[in-house]
Amino acid sequence: MSSTVCTKFVTLFEKTPLMLESGQPLFSITVAYETYGVLDTEKKNVIWVCHPLTGDAHAGFKSGEPPYELGWWDTLIGPGKAIDTSTHFVICSNVLGGCKGSTGPSSV
């Protein structure tokens, strides 16, 4: 069983900043992410995928209705694949500085 895939967004550090190595604070970071599969009741079946070479959070597998948008790890993530979404809940986030939804160069 798998869920329909769509990019979601979460805002972090709205009240308390993320302190950078330089000592400067960074407030209100938006992170784009997608999820695949179903989270179990104990919340112990999570695999977090965060890869620096992705331009977005769509690691992907064929889900929902056609046309399918293939992801950058489509051959590895999905039902019956190496990262099996029949048994695992996969979260893929877009890295900070990315161009597709997470806080980056185009952010204010």
Side-chain angles (χ1 to χ4, degrees):
M1 181 177 181
S2 62
S3 57
T4 300
V5 177
C6 67
T7 303
K8 301 168 197 79
F9 303 89
V10 63
T11 301
L12 308 168
F13 303 104
E14 289 183 282
K15 295 179 182 177
T16 304
L18 170 65
M19 296 305 294
L20 302 177
E21 194 173 286
S22 66
Q24 296 296 309
L26 187 58
F27 285 93
S28 195
I29 297 168
T30 298
V31 177
Y33 68 97
E34 290 187 5
T35 61
Y36 310 87
V38 178
L39 185 62
D40 67 18
T41 56
E42 295 178 354
K43 300 179 181 177
K44 292 185 175 183
N45 67 331
V46 176
I47 295 177
W48 193 290
V49 177
C50 185
H51 194 275
L53 299 178
T54 178
D56 60 25
H58 186 65
F61 71 92
K62 296 175 186 173
S63 70
E65 299 296 319
Y68 300 113
E69 181 183 347
L70 297 180
W72 50 274
W73 274 19
D74 183 60
T75 58
L76 294 175
I77 298 173
K81 296 182 181 178
I83 300 175
D84 191 344
T85 55
S86 303
T87 56
H88 290 91
F89 180 69
V90 178
I91 302 170
C92 179
S93 62
N94 180 219
V95 297
L96 290 180
C99 60
K100 292 258 190 141
S102 291
T103 297
S106 64
S107 303
V108 177

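The side-chain hydrogen bond (donor to acceptor under 3.5 Å, both in side chains) test applied to D84 returns S86, not counting sequence neighbours.
Taking NE2 of H58 as the reference point, atom CG of N94 lies at 13.0 Å (rounded to 0.5 Å). Interatomic distance, Y33 OH to W48 CH2, rounded to the nearest 0.5 Å: 8.5 Å. If you take CG on D40 and NE2 on H88, they are separated by 9.0 Å, rounding to the nearest 0.5 Å. Taking OH from Y36 and CD1 from I47, the interatomic distance works out to 13.0 Å, rounded to the nearest 0.5 Å. The CD1 atom of I91 lies 11.0 Å from the SG atom of C50; values are rounded to the nearest 0.5 Å.
Residues L39 and F89 share a closest heavy-atom pair of N-CD1, 3.4 Å. Closest non-hydrogen pair, A57 versus A32, comes out as CB-O, 3.7 Å. Pairing each heavy atom of D74 with each of K81, the nearest pair is O-NZ, 2.6 Å.
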Problem set entry | side chain to side chain donor-acceptor pair (under 3.5 Å) assessment of K8 paired with T35 | CA-CA 9 Å; K8 301 168 197 79; T35 61; 3.1 Å; yes
Do any side-chain atoms of residues 13-31 form donor-acceptor pairs under 3.5 angstrom with protein atoms, and if so which ones, sequence neighbours left out?
unit_1	atom_1	unit_2	atom_2	d
S22	OG	Q24	N	3.3

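In this structure, the side chain of N45 engages the main chain of V38 through a donor-acceptor pair within 3.5 Å.
Note on V49: it does not cluster hydrophobically with F9, by side-chain heavy-atom contacts below 4.5 Å among ILVMFWY residues.
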